[in-house]
There are 2 protein chains.
Amino acid sequence: MRLPAAVVASVPAERWQQDLTPFLSEWRGLFFAQADGAVCPQSTGEVASLLRACSAERVAVVPQGGNTGLVGGSVPFTAEVSAALERPVFDMSAYAAVIVLSLTAMNRVRSVDPENFSMALDAGCVLADAQAAAEGVNRYFPLSVASERQCQIGGNLASNCGGINVLRYGNTRDLVLGIEAVTAQGEVINQMTSLRKNNMGYSLKDLLVGSEGSLAIITAAVLKLFPRPTEQVTALLALQQPDDAVTVLAQAREQLGDLVSGCELMSAQAFEFAMQYGSDCRSPFSQSSAWYLLLEFSGFESTLPQRVSALMDDLVTKLALQFSLAVEAAEREALWHIRKSIPGAQKHAGASVKHDVSVPVASIPIFLERAMAAVTDLMPEVRPCPFGHLGDGNLHFNLSQPESMSAEAFLAQWQDFNRVVHDLVIELGGSIAAEHGVGQMKTGELQHYLDEGSYAMMTAIKQALDPHNILNPGKVLSSGATH
Amino acid sequence: MRLPAAVVASVPAERWQQDLTPFLSEWRGLFFAQADGAVCPQSTGEVASLLRACSAERVAVVPQGGNTGLVGGSVPFTAEVSAALERPVFDMSAYAAVIVLSLTAMNRVRSVDPENFSMALDAGCVLADAQAAAEGVNRYFPLSVASERQCQIGGNLASNCGGINVLRYGNTRDLVLGIEAVTAQGEVINQMTSLRKNNMGYSLKDLLVGSEGSLAIITAAVLKLFPRPTEQVTALLALQQPDDAVTVLAQAREQLGDLVSGCELMSAQAFEFAMQYGSDCRSPFSQSSAWYLLLEFSGFESTLPQRVSALMDDLVTKLALQFSLAVEAAEREALWHIRKSIPGAQKHAGASVKHDVSVPVASIPIFLERAMAAVTDLMPEVRPCPFGHLGDGNLHFNLSQPESMSAEAFLAQWQDFNRVVHDLVIELGGSIAAEHGVGQMKTGELQHYLDEGSYAMMTAIKQALDPHNILNPGKVLSSGATH
């Protein structure tokens, strides 16, 4: 057993897990990860003790929350990948050992302060539980993603999670008021304030959010709560082309301002996967359409349904579209269920190459047109099923394998698909890691596309905070890569 | 002349200013700054050229925008202060020379994209011009401070400026989508995207915002625009105690949600200074009151005035208060004019010791009670005139000198006032640098109150990005202080 005795002894014996399998299986099934141990500390002090020992013994530490990440960020780096994915390779055998440090056991809601519109949670708190804690005091915590029943707050922060409410409420970073973290050296950063205004030095909170466990391990956070909207209306539109979706969104924002709280685009293919493989997904339309748009409106005035209705009536006179409105909770959830079923449904359709990209909203139609052409040029039978957060310009330009092709043959084209799609995204002024993060999947892409000045600054920060590269090596940056 | 020839030659000769006086005078009149030169580059390339030369020659560089800062951050560090202000001292003579690098000449609005709700500006663009550029395309840029006709975007970003709209729209950091900056080594960081979702590595944008010119020099930014509210109502309330202000705000948020966009508290003393020294300030009330609360409501529905009226009618049945509502633009501006006149008005009242603090909103009444007692204990004749952004918990707990005392005698108590007020703020879980930043004024306070882990991380980042401490030395952190 490779684990140094000092590391093992740094926490009570029962923190070390017998079965490593759940900690090493990641959602995409792409990375065949290995580790010498998995540990579930029960306090910030235990995390600090572990890191002091790992730092001294040169043991690599992979922080993990709900293990729902989509870019291999939450499992140890592995050279062995079940896809033709090219990226810098790290020699993990250079470390004395590699452990997964799971925050799962640190799952308490520490405190809820409805008057102050804030709540303090341990990093292992499940997102759905955080949402419920807010609802329990008639407040709203707007972070919402498909994996919310499994993912944890620490992981949400580490990946600067996006989700379906970014249009109105922002990304995770916009929802964080305070943070507690442990450094590579085992020191505790204590910034657990709930203040809206605090300029006491550099914003470590904003640097650590989105750093994917490679600069420090987040152990707790203070999150922002919002008034709970009293009125909600969901609209599903059937459209003929993405341009119409952009027009609809612009008019919705023009007429209803920030009463528009969500906007999701779904291609016919994505919609059909949900119908076919999702559980109990039903379309309100009798015929299928080329594109679908899910719009969420929320506010505090009882006139909201009428106003959305008026908007729809107006849109129908200008564009060829159909719509279905839902006001009752059950009907609204049924519409959202379609959208939330897509990621899981796509799995049933076989192997996939996913592109988590963003472009300026107005560029979405041209991006879709050119990207579709580019990927079908490479592989005529590929099944693109784009869907995503139109309101923030973030699309999951996902490709499902041709039904007649083997998964292996399909995934052999991974790098080629990436190159044409990512080149296009960058040409349009976009991002090649819009919300899922970089993980171990996109380290090569990040270095390829970021400007030199930015990459140098990120590398300098990493080297300053983690000189021995023990925090999640092989993730985000390429520094330390052996080839 | 101390300026190394290589530094002088790094930009066209006419960039160097003949008269240094305006660059060395700061608003508080506290710091008697000196410099060997002041330069106004006209492009990012020129900024880079300057920094490469300054880096090689060990010339200290003080970035400057509108020079409206209140903590001495925008002028060179000086040991000589016209107040008994204790803080770490830096030996500026250790540098080959010291220059002020003003962004003033780089003041273009680069582009405005109303469809994308964003605009790109050079760092020297004056804030009021940025607001006008947004208004010109029927959009809203919500950053608003008393100094907006003089301060510049670069300084707003460097200080993570707050202002009067934070309650609804957040701080400056929440309004920044992209950034361009030049490092201490003269490399350009190019992150001028307008995307809402972008997780390509660490958030350098969020680290540089609020770094007060000590990690890099911001040369341009992409800022977020918002739909322009169509309905606005301003209410001025006359109250008897701060508890009532907190109650009013809570009820306003409960009934009207995020239609509440601003909330400013004014003590009787602050209100009277505005009446006495402001230009054309008029109270809508016939009698004076102990406290005043300015509430701003904005939204997109024509029922807003009625809803605010209903809220006021309800509040009057519960609390002893008077109110005045304004819907017409001129009347609303007249009410806001009172609030905006306070900082300038307080200057007329003599020397002042200011505390830019924040505490959780619910703690504001207890903070005011205890802080008033603490400062009058120290000096019975002191004239506290607190005012500020109640909605975010940020108060300017400012003290004006007793009328009968000399400015010098008053300012000799600076450190004593700081100690009792800041100790109280920290005890209540607050911040001692809520929106103005740390500058050179609060470097000692920052090190005194921040936890060790946070301070060590900030120091490590500074040393990594600016190993020779040429960017705004003596500001924010104490590293490099000679005593």
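Proteins get letters first, then strands, A, B, ... in listed order; numbering begins at 1 in each. These numbers come from a predicted model, not from an experiment. Note that these values count all heavy atoms, side chains included, but never hydrogens, waters or copies made by symmetry.
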What's the separation between atom [atom1] in [X] and atom [atom2] in [Y], rounded to the nearest 0.5 Å?
X: A:Leu70; Y: A:Asp356; atom1: CG; atom2: CG; value: 8.0 Å
X: B:Arg253; Y: B:Leu256; atom1: CZ; atom2: CG; value: 11.5 Å
X: B:Ile189; Y: B:Glu187; atom1: CD1; atom2: CD; value: 7.0 Å
X: A:Thr172; Y: A:Leu157; atom1: OG1; atom2: CG; value: 6.0 Å
X: B:Met200; Y: B:Ser203; atom1: CE; atom2: OG; value: 12.5 Å
X: B:Cys263; Y: B:Leu390; atom1: SG; atom2: CG; value: 4.5 Å

Among B:Val359, B:Ile364, B:Val357, the one residue meeting side chain to side chain contact (heavy atoms under 4.5 Å, CB included) with B:Leu428: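 Option passing the side chain to side chain contact (heavy atoms under 4.5 Å, CB included) with B:Leu428: B:Val359.
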
Carefully, step by step, assess A:Arg139 and A:Phe117 under the rule side-chain contact (heavy atoms from CB on, under 4.5 Å). CA-CA 8 Å; A:Arg139 293 288 181 264; A:Phe117 287 84; 3.3 Å; yes

Classify the angle between the aromatic ring planes of B:Tyr449 and B:His422 as parallel (below 30°), tilted (30 to 60°) or perpendicular (above 60°).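 It falls in the perpendicular class, over 60°.
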
Non-hydrogen contacts under 4.5 angstrom with chain B: give the residues of residues 177-184 of chain A involved, or none if there are none.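 Against chain B, the residues of residues 177-184 of chain A that fall inside the cut-off (heavy atoms, under 4.5 Å) are A:Thr183.
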
Heavy-atom pairs under 4.5 Å with chain A, option from [options] with the top count:
options: B:Leu215, B:Thr303, B:Val188, B:Ile461; result: B:Leu215
options: B:Gly391, B:Ser211, B:Gly170, B:Ala434; result: B:Ala434
options: B:Ala216, B:Gly210, B:Gly257, B:Ser159; result: B:Gly257
options: B:Leu465, B:Thr443, B:Asp113; result: B:Leu465
options: B:Arg173, B:His389, B:His436; result: B:Arg173

At a 4.5 Å cut-off on heavy atoms, which part of [X] comes close to chain B: side chain, backbone, both, or neither?
X: A:Tyr455; answer: neither
X: A:Val246; answer: neither
X: A:Ala250; answer: neither
X: A:Gln463; answer: neither
X: A:Leu249; answer: neither
X: A:Leu195; answer: side chain

Quick check on [X] against chain A: is it the side chain, the backbone, both or neither that has a heavy atom closer than 4.5 Å?
X: B:Leu167; result: neither
X: B:Arg228; result: neither
X: B:Ser194; result: side chain
X: B:Asn116; result: side chain
X: B:Glu254; result: side chain
X: B:Ile432; result: both
X: B:Glu435; result: both

Just by distance, with hydrogens left out, do [X] and [Y] show a side-chain donor and acceptor under 3.5 Å apart?
X: A:Ser431; Y: B:Asn198; result: yes
X: B:Ser261; Y: B:Ser298; result: yes
X: A:Ser454; Y: B:Gln191; result: yes
X: A:Asp451; Y: B:Asn190; result: no

From the options A:Lys197, A:Arg196, A:Lys224, select the one residue that forms a salt bridge (charged side-chain N to carboxylate O under 4.0 Å, His left out) with B:Asp392.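 Answer to the salt bridge (charged side-chain N to carboxylate O under 4.0 Å, His left out) test with B:Asp392 among A:Lys197, A:Arg196, A:Lys224: A:Lys197.
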
Pairs of heavy atoms under 4.5 Å with chain B: top-ranked of [options]:
options: A:Ala464, A:Pro229, A:Pro360, A:Gly393; value: A:Pro360
options: A:Asn171, A:Thr230, A:Leu207; value: A:Asn171
options: A:Val476, A:Leu204, A:Val361; value: A:Leu204
options: A:Asp258, A:Leu259, A:Asp174; value: A:Asp258
options: A:Gly429, A:Ala362, A:Gly201, A:Gly437; value: A:Gly201
options: A:Asn394, A:Val438, A:Asn138, A:Val209; value: A:Asn394

Indicate yes or no: at least one non-hydrogen side-chain atom of B:Leu471 is less than 4.5 angstrom from one of B:Lys462.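 A side-chain contact under 4.5 Å exists here.
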
Inspect the contact between B:Glu301 and A:Arg307 and indicate whether a charged nitrogen and a carboxylate oxygen are less than 4.0 angstrom apart.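 Salt bridge between A:Arg307 and B:Glu301, a charged N being under 4.0 Å from a carboxylate O: yes.
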
Output every pair passing ring pair (Phe, Tyr, Trp, His ring centres under 6.0 Å) with a member in residues 165-202 of chain A, not counting sequence neighbours, ordered by first then second residue.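 Residue pairs with at least one partner in residues 165-202 of chain A: A:Tyr140-A:Tyr169, A:Tyr169-A:Phe226.
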
Tell me, with the steps shown, if B:Arg168 and B:Val260 meet side-chain contact (heavy atoms from CB on, under 4.5 Å). CA-CA 7 Å; B:Arg168 173 90 153 295; B:Val260 185; over 6 Å; no

